[in-house]
> 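Mind having a look at this structure? Questions to follow.
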Amino acid sequence: MNSSRPGLIERYRDRLPFEPGDPVVSMGEGSTPLVRADHVSELAGCEVWLKLEGLNPTGSFKDRGMTCAVSAAVREGAQAVICASTGNTAASAAAYAARAGLTGAVIVPEGKIATGKLAQALMHGARVIALRGNFDQALELVRELCGRHPIALVNSVNDFRLEGQKTAAFEVLEDLGGEVDAVCLPVGNAGNITAYWKGFVEAGAAPAMYGFQAEGAAPLVTGRRVDKPETVASAIRIGNPARWEEAMAAMRDSRGAVNAVSDEQILDAYRMLASREGVFCEPASATSVAGLLHHRAGGARRVVCVLSGHGLKDPQTALEQAGSVVPCEATIEAVERAVLG
Ligand SMILES: *Cc1c(COP(=O)(O)O)cnc(C)c1O
């Protein structure tokens with residue numbers, strides 16, 4: 001055990017590809033809160049729960065996959081790990097690589113990742129490469145690089161990532177006593193929705209999987225790859241998802257659906273979650289709630305929306321979307337006016 005709270009490899013070892021005695025790189029990831037959302041429930045006309053994945057060690061669900069991918073890389077004797085990332089995979093890979101004593105390199109689209117994520121990757125000592133290109137090109141290039149050099153690729157094309165991420169489905173079933181009709185997720189590279197469905201199937205459950213993409217980056221909705229994906233939700237700014245077929249199969253087999261929401265709808269849900277539910281998630285995460293509100297989830301009675309990352313990841317978007325501060329002189333009269341005014 002290397003944290004006071006058991007990480008997910010320890011918690012679910014019998015359902016993961018790890019044997020007792022295998023090296024485990026962990027920071028107590030998983031076991032995130034599932035909270036009821038009364039306001040969203042009222043708007044949606046069903047019982048809505050929020051899975052707060054921003055409470056993982058580096059602030060996103062990517063840690064679930066990364067504890068497994070990096071532990072497996074250590075077991076295989078890797079010296080270095082690399083990933084292409086819209087931000088959160090980079091932050092997570094950098095942290096777990098640092099913890100394992102491995103060299104970490106991350107390739108991100110230049111100027112396109114949220115400030116908090118960039119700060120994390122740099123602080124953890126990863127080599128951060130800003131590619132003059134988009135995420136899809138970055139992923140293509142790291143895959144080629146890993147074919148030429150002995151470096152472990154920790155993107156969600158790595159099956160260990162999905163193994164770790166499927167544990168969120170186990171937690172949802174445990175917390176709700178197995179009673180969940182539908183699950184809403186933001187979809188970028190499509191690894192997470194694939195992983196949830198894998199977890200549910202392994203646990204003998206079958207909630208409908210609803211995936212939501214941003215309108216400017218919605219290849220699964222249109223059926224065509226997007227060469228220049230654009231959306232405020234930078235974590236899902238992806239035009240050619242690596243897990244395309246598997247994600248479509250998950251939504252088909254579970255009788256769910258994939259739909260798109262506009263940036264405006266995403267930002268509305270983003271502000272509403274913060275101001276009405278007290279939950280600050282990043283824009284991409286709010287896509288799950290925006291999707292539920294605008295497209296519904298069939299006739300589902302109880303729905304879980306996955307809030308994939310923490311709001312502090314992207315302070316710039318938050319400050320653009322929030323109210324402004326109230327300037328004030330240091331006198332009681334001025335403070336009275338400022339507070340009560
Ligand atoms: C990675 C990420 C997603 C998208 O997950 P995929 O597995 O790429 O579909 C959504 N939200 C956040 C915050 C993410 O970091």
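For ligands, and for the atoms within them, numbers begin at 1 and follow the listed sequence. The first residue in the sequence is number 1, and the count goes up from there. This is a predicted model, so every value here is computed, not measured.
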> Looking at T86 and A235, would you say the former's side chain and the latter's main chain have a donor-acceptor pair under 3.5 Å?
yes
> Has ligand 1 got any nitrogen or oxygen that is less than 3.5 angstrom from a nitrogen or oxygen of N88?
yes
> Could you grab the distance from atom CD of E163 to atom CZ of R64, nearest 0.5 Å is fine?
13.5 Å
> In plain terms, say whether E230 and K112 are close enough for a salt bridge, that is, a side-chain N and a carboxylate O under 4.0 Å apart.
yes
> Would you call A190 a ligand 1 contact, heavy-atom distance under 4.0 Å?
yes
> For atom 7 (O) of ligand 1, what's the nearest protein heavy-atom neighbour? Residue, atom name and distance, please.
N192 N, 2.8 Å
> Salt bridge or not between R148 and E144? Use side-chain N to carboxylate O under 4.0 Å.
yes
> What protein heavy atom sits nearest atom 11 (N) of ligand 1, and how far off is it?
S308 OG, 2.7 Å
> Between N240 and E140, is any side-chain donor less than 3.5 angstrom from a side-chain acceptor?
no
> Less than 4.0 Å between a side-chain N and a carboxylate O, is that true for E47 and R302?
yes
> Quiz question: by atom type and distance under 3.5 Å, do the side chains of E215 and S262 form a donor-acceptor pair?
no
> Ligand 1 versus N189, non-hydrogen atoms closer than 4.0 Å: side chain, backbone, both, neither?
both
> Out of the candidates V289, V35, V40, only one should pair with E277 under the side chain to side chain contact (heavy atoms under 4.5 Å, CB included) rule; please name it.
V40
> Could you say whether the N/O atoms of I236 and ligand 1 ever approach to under 3.5 Å?
no
> Counting from 1, what ligand 1 atoms have a heavy atom of E282 closer than 4.0 Å?
13 (C)
> How close does the nearest protein non-hydrogen atom get to atom 5 (O) of ligand 1, and which residue and atom is it?
F61 CZ, 3.4 Å
> Can you sort out which atoms of ligand 1 are near G191, meaning under 4.0 Å from one of its heavy atoms?
6 (P), 7 (O), 9 (O)
> With heavy atoms under 4.0 Å as the rule, classify the contact between R243 and ligand 1 as side chain, backbone, both or neither.
neither
> Please compare K62, R237, K313 and report which has the shortest non-hydrogen distance to atom 1 (C) of ligand 1.
K62
> Within a distance under 4.0 Å of any heavy atom of P186, pick out the atoms of ligand 1 and give their elements.
10 (C)
